[in-house]
Structure formats: C-alpha cells, structure tokens
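In what follows, a single structure is set out as structure tokens and then discussed.
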Amino acid sequence: MYLTGEIYHKGLYGETVDLEVAYKFYQEAAELGCKEAEEVLGEGYFYSSLYGK
C-alpha cells in the first residue's frame, strides 16, 4: 500500500501525480501499521497546518 502511495504521490512509472489517491493508499497502509506511511501522513498534516493549506 505504501509503495503504491509513493507511485501516485511522486508520479512514478508514468502515472500522473494524484495526491488524493496517494493519501488513500498511505492511510490504508498506516492503518495496517506501516510506519513510513504514518510518517508521510504526519508530515503532510504538519506542513499543511504550518502553511495554512
């Protein structure tokens, strides 16, 4: 799940960047206990609150 999130987050392997889809994969991976996905989600929440987005 986490790696699929990375593909959509970064637009790898010819996929277009789609942050909503990436978020869903990161969220599912985090719910399954993936620490990397939890970190990505945490950074997203931190930076969005920091910059007001």
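Here the structure is a predicted model, which is why all the values come from computation and not from measurement.
Residues Val40 and Leu3 fall within the same hydrophobic cluster, defined by Ile, Leu, Val, Met, Phe, Trp and Tyr side chains chained together at heavy-atom separations under 4.5 Å.
Under a 4.5 Å side-chain heavy-atom cut-off, the cluster of Ile, Leu, Val, Met, Phe, Trp and Tyr residues that includes Leu12 is completed by Ile7, Tyr13. Residues Met1, Tyr8, Val21, Phe25 make up the rest of the hydrophobic cluster containing Leu32, defined by ILVMFWY side-chain heavy atoms closer than 4.5 Å, directly or through other members.
Residues satisfying the salt bridge (Lys or Arg N to Asp or Glu O under 4.0 Å) criterion with Glu38, sequence neighbours excluded, are Lys35.
In the model, His9 has a side-chain atom that pairs as donor or acceptor with a side-chain atom of Tyr26 under 3.5 Å.
The minimum heavy-atom distance linking Ala29 with Ala37 is given by the pair CB-CB, 3.7 Å. Across every non-hydrogen atom of Ala30 and Leu41, the tightest pair is CB-CD1, 3.8 Å.
Interatomic distance, OG1 of Thr4 versus NZ of Lys24, reported as 14.0 Å (0.5 Å rounding). Expressed to the nearest 0.5 Å, how far CG of Leu19 lies from NZ of Lys10 amounts to 12.0 Å. Here CD of Glu31 is found 5.0 Å from CD of Gln27. Values are rounded to the nearest 0.5 Å.
The 12-atom threshold is exceeded at CD of Glu43, counting heavy atoms of other residues, nucleotides or ligands nearer than 6.0 Å.
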